[in-house]
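Comments concern the structure below.
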Number of protein chains: 4
Amino acid sequence: MSKEQTIHREKLSGVFAPITTPFDENGEISFQGLEENIKKLNSSRLRGYLVLGTNGEFKSLSESERRKVLETVIKVSGKDKVVMAGTGRESTKESIAATKEAASIGTHFASLIAPSFFAKKMTDPVLLNHFRVIADASSIPVLLYNNPEVVVVTYSTGLIGEVSKHPNIVGMKDTSKGNFASYLLAAGPDFNLLAGSAAFFLEALVMGGVGGVLSIANFAPEACCKVYDLWKAGKLEEARKEQYKLMTLNQKVSGKFGVAGVKAAMDFAGFYGGSPRAPLLSLTADEKKKLKEDLLNSGFLKK
Amino acid sequence: MSKEQTIHREKLSGVFAPITTPFDENGEISFQGLEENIKKLNSSRLRGYLVLGTNGEFKSLSESERRKVLETVIKVSGKDKVVMAGTGRESTKESIAATKEAASIGTHFASLIAPSFFAKKMTDPVLLNHFRVIADASSIPVLLYNNPEVVVVTYSTGLIGEVSKHPNIVGMKDTSKGNFASYLLAAGPDFNLLAGSAAFFLEALVMGGVGGVLSIANFAPEACCKVYDLWKAGKLEEARKEQYKLMTLNQKVSGKFGVAGVKAAMDFAGFYGGSPRAPLLSLTADEKKKLKEDLLNSGFLKK
Amino acid sequence: MSKEQTIHREKLSGVFAPITTPFDENGEISFQGLEENIKKLNSSRLRGYLVLGTNGEFKSLSESERRKVLETVIKVSGKDKVVMAGTGRESTKESIAATKEAASIGTHFASLIAPSFFAKKMTDPVLLNHFRVIADASSIPVLLYNNPEVVVVTYSTGLIGEVSKHPNIVGMKDTSKGNFASYLLAAGPDFNLLAGSAAFFLEALVMGGVGGVLSIANFAPEACCKVYDLWKAGKLEEARKEQYKLMTLNQKVSGKFGVAGVKAAMDFAGFYGGSPRAPLLSLTADEKKKLKEDLLNSGFLKK
Amino acid sequence: MSKEQTIHREKLSGVFAPITTPFDENGEISFQGLEENIKKLNSSRLRGYLVLGTNGEFKSLSESERRKVLETVIKVSGKDKVVMAGTGRESTKESIAATKEAASIGTHFASLIAPSFFAKKMTDPVLLNHFRVIADASSIPVLLYNNPEVVVVTYSTGLIGEVSKHPNIVGMKDTSKGNFASYLLAAGPDFNLLAGSAAFFLEALVMGGVGGVLSIANFAPEACCKVYDLWKAGKLEEARKEQYKLMTLNQKVSGKFGVAGVKAAMDFAGFYGGSPRAPLLSLTADEKKKLKEDLLNSGFLKK
C-alpha cells in the first residue's frame, strides 16, 4: 500500500452514519435540526458521516438544498470526523459538477451512485466510462455506491475489478445482498469496501471490509461501534452476539420502514428525526407505538 | 362526457412525438436544432408534442435547462399542436413546482411519471396521495405516465381506477406491456389513454385508446399517423399491415437502441438527432451503418 | 399455405378450454367427474380441449395419472373436438416419451412448455435444440407453450422466428403479457398463434391470432365463443364490449384465484370443479361467497 | 439441546457433496460411474452426501431412476457418511410418497425443495402447511432446501421461524444470496443451517451455520474441508485465505457453467463427470480447454 492508500484506509475504517435530512412541519429543511444531530453524533465514536445518500433523501432535494445540507454538515462536523457526500447524478456532466462542488466545500470523499433512469443501457462499458470520467475530473477520492434496491443496477464483479484499478476510485459502499466478498475478491484487498447495511456488517468485516455505512448509526451509533470494536479486538464470539442484536434493531427500523423508520427512531432517541418528504409518509401513530415497544423490548431504548 | 371532457379528448386524440433534446458537440443543448426539429414536425399531421419525457432525457437535464427546452418548444410549436410536458419529480414538492412552472409557460397538459427512488415504498395509497396533491395544485389538466422500464413502479389497476375519478387527472400515457385494456376497464371509457409505444399502438386504439406517444414519430410522423388514420377510417385490415411495419421500424430503432437509436434515425431523416448525453452513448459507426441499411431495406428511407 | 397447413389452421381456429383435473375428497382424481365435464363441454361451440396444462395441474400428477387423464378425455371427447395435450417435461428425453405416448393415445397436437428448473441455462440455442429434437421425434404436430408466470422463461422473438421454420412446429399458445404481435411478426402469418389468456383475447385475434386457450372456457364456454364469433362476423364494436365482460370475469376468477378460482366457478356453473391438489388450497368459504356474488352481479350466473 | 437434537447436529456438521448423476453416451444413468464416484469420495473427510438435488439433475430423472440412484448411493456410501435425499415434489402427495420411500431405503435426512410451478400461490401459510404435513408423515428428520434460482420462491424469515418449531424439521440448506444470518436469527441457534454455496461458506460458519452442501465438493472435497477445519480450529485468517480460493474455484466452475461445469471438472479430477442430460448441454471443447487452464492456474489441478 502506498502512503496515500494508507491514509485513505485509515479514514475509511470504522462506522459511518448516512445522515438523514430533517424537515420542519412545512416540509422545509431544518438546518438547526441538522446541526444539532451532527453535534450529538460528534461525541460518538463514529468515524464519520455520509451526507446526501439514500437516507438523506437526496433525490427529493433541489441542487441548492443539497449544497446547503452539505455545507451545514461540514461546518459543524467534528475535526476527527470524515465526511463523504453523494454526488452521483443521472448525467455524467451533472455528476462531475456535483463532485467538484462537494470538493470545493471541503468534502473528503465523493460517493457515486449509478445513473438508473436508463438502467437497461447501463452496461459495464457505459458505467466504467461514466465513473472514470468523473474520477478523472475529481480532486477528491471517489467511492462507488452499490444499491440495487434504489437504482435497479447491480455492479458486476468484472466492473468492480476494472474500476478498482483507477487511482482515484478508492473504494465502495455496498448495500447489495450477498455480493460483498465477491467484490473484494475482484478488486483486491487494497480496495476499501464498506458494508452498506447492518444486516451483514460483521460478515463484511470478517471477509476484509474496512467498515460500514449503517442507517441505524443515525440513532444508535454506539451499538454499531461495539460490533466494530469487538471485531477489531479479536472477540469474534461477542461480536457475533452484538451483530445479531444490531440485525434485530435494523430489521425493525430500516428493514420494515426505511427512512421514515430511521427518523421515528431518531425522535425516540433524542435526535431530530421528523417526517420524510412526500411522497414518503411518516409512520402512523400505531406504527410509532409498535416501534417504540419494539425498541424498549430489545433493550435499545430505556424506559 | 362534459364539455370540458370533450375538449380534452379532442386535444389528446392522435399521435404525439416525445421530443428528443438535441445536444451539440460539447454536450450542450442545441436550441437551434430543437427549433428546427419542431418546425419540421409542425407541418406533419401529428397532434402534438410531449416535451421532457424519457426520449427527452429529462433526467439528464438541470432544472434551468428543462425550463428553456420547454419554452423553446412552446415558442415554435404550431398553433394546432398540443404540448404536454413531463413534470414529475422525485418529491411531491418539486413535482408541484415543475407543474406550475410548465403551466405558466403555456403547456397544455402535465405528464407525471412516478417517483421511483424509493420504489418499494410507492404503494397505492402513497402514489394516490402524491398524484392527487399535484393535480389539486395544478391549473392545467394532468396525465399520468406509466413506464415500468424506467421507474420500476407499475401502476395497479386499482390505483388507476381511483386516480381517474379526480377531475383534473384526465388520462394516462401507458408504456407498460400488456396492461392497456386493463387500465381502460378500471378507469372507464372517458379516461384518455394513450399508447406509449408503437409496439401496441393499433391494439390500444382497438380497445378504446385515444392516441399514442410514439418515439418513432420523431422521425417518421407520417408512418405513425397512417395507422391512426386507417383505424379511424374503419380500414382495420390495412391498419394492421401498417402497424406491423411500424413495429418493425420501432424494434430496429427504439427497441434495439433506445434514445440513441431514435437520434441516429433522426439524423438519417433530415432532423437534428445528434448524440445523447453521457452516460448514454451514441451508436457506433457499425451500428449506424447497420441501422441505415435496415431503414433502407424496410423502405422507410429512400436511397 | 400448404394443404397440411390449411388443415392445422382449421383445427386450431377457435376457443379451447384448458381442462382442469377434478379430485375427489381424498385427493384422488375423479375420472367420472372428468368425463361429465367433457360431455357437457362437448355440446358447446368450443373448438376443443387442452389437457394436462397449467389449469390441469399436470405438474402435480404422476406420469400414470397423466396418461389416464388424457385417455379419459380422448375417450369421451366429441368427434368435432380437437385435443391438445401438455407433453413438455424437464428433460428432452422425457418430453419425447410423453409426446409419443400422447400421440399413440390419439392426441391431435402436443403442447410443449419450456423446461424451467435450470431457467438460467435455457438460452435460445438450448431451447431451439430441445424443441427441434422433440418435434423431429413426434408423429403429431407440435405447439409451443409460452407462460413465463409458471416457468420463468420467456421465449425471445428470435427463438420463435427460428422455431416457426420447423415443419412440425405449427404454432404456439402464448400466455405472456404484451408479446403476442411480436411473436406473429417474427414467425409470419402462417404460424398458428393462440391467446393463452382471456385478458387479451380480442387483441390477439385483431393482430392475426387464430384462437384462444382460455381458462374461463371451463365454465363459461359460450361467453368466450361469443367474442370469437363477433370478431369473425366483423362486428368489432360488439366484440369489444363482450371482450371487456370476459376480462372482468377473468380477473375475478383466474386472475385473482388461479386454478382454485376456476374450479370454484365450475362448481357454481354445474360442472365438477372441486379442490385443487395440495399444496394449492381451495377458496375459503368467504372467498367462495364473494366470488358467487361477483358472478351473480356480473350477470354470468343466474339466480 | 435435547439428546436427539445433539445427534442431528453432529450428523449435519461439516461438508456435504451434492452428488451429480452420471450419464453414459446414450444419456442413460451410469450406475457404475456413480458407485465409483461415491467410493472415491468415501475416503475424503466429507461428512456426507446429498443425493437427488439440483446438481443431481433430479428434475430430469424419472421416479424409478430417482429410486435407483438413491439406492446405489446408500449401498456404497461409507458407514461414517450421512446421506440426505431430495424428496420435494410439486404436490404434497408426491412429496410424502418420495420422502417415505427415501426413508425406507435408509436415507438419514429428507431435503424438501419448494413446489414452484404455482410460485405466486406459494404464500407462507401454503408453504407452512405443505412442509408440516410432509414432516408429520415422515419417519426421518426433514430439512428444507432454499434455492430461489431454481424455484423462484424465497422463504421468508417468518416462515423459517415458524417451520423451525416443528420437531421433525431440523434444519435447512440455504442457497439464497444474503439471507443466511437472517434465517438463523429467525430460527434460533438450534436450527441446523447449512450453506448451499461455496460463495458464502465461511460467512455462514462465522454466523452460526453448521456446515455446507457445496457443488465443488464433488471434485474438490479436501479444499472444502480445509475451510471448515481451519474455522473449527479457530484459525480465521487462514480460513479466509482458503475461502477466497474456494470462491475463485466455485466462480469458474459452478458459477459460470452450473452442473455441466461441475461434471467437466470432475472429469479432470479423475471422477466420472460426463455430460448433463438434455436440454442441458456439455461444455464445448473451447470451454473445457479454458476451464482446464483455469484449474491449472489456480493450482487446483496439477500438471
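Throughout, a chain's letter reflects where its sequence line sits, starting with A, and its residues are numbered from 1. Given the structure is predicted, the values throughout are model-derived calculations rather than measurements.
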pair C/I216-C/V262: side-chain heavy atoms closer than 4.5 Å: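 No, too far: nothing below the 4.5 Å cut-off.
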Test of understanding: with side-chain contact (heavy atoms from CB on, under 4.5 Å), list the residues that count as partners of B/A217, not counting sequence neighbours.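 So B/A217 forms a side-chain contact (heavy atoms from CB on, under 4.5 Å) with B/V15, B/A17, B/L46, B/L214, B/C224.
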By side-chain contact (heavy atoms from CB on, under 4.5 Å), which residues pair with C/A195, not counting sequence neighbours?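 Testing C/A195 for side-chain contact (heavy atoms from CB on, under 4.5 Å), a comparison that skips the adjacent residues, returns C/F180, C/F200, C/F201, C/A204.
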For C/L112 and C/I169, what are the C-alpha separation, side-chain angles and deciding distance, and is it a side chain to side chain contact (heavy atoms under 4.5 Å, CB included)? CA-CA 10 Å; C/L112 297 177; C/I169 303 182; over 6 Å; no
Taking atom CG of B/L246 and atom CG of C/L185, what is their separation to the nearest 0.5 Å?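 One finds 11.0 Å between CG of B/L246 and CG of C/L185.
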Compile the donor-acceptor pairs, distance criterion under 3.5 Å only, formed between chain B and chain C.
from, atom 1, to, atom 2, distance (Å)
B/K177, NZ, C/N179, OD1, 2.5
B/N179, OD1, C/K177, NZ, 2.5
B/V206, O, C/R240, NH1, 2.6
B/M207, O, C/Y244, OH, 2.7
B/R240, NH1, C/V206, O, 2.6
B/Y244, OH, C/M207, O, 2.7

Identify, with sequence neighbours excluded, every residue that meets ring pair (Phe, Tyr, Trp, His ring centres under 6.0 Å) alongside C/F300.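 With neighbours one apart ignored, the set is C/F219.
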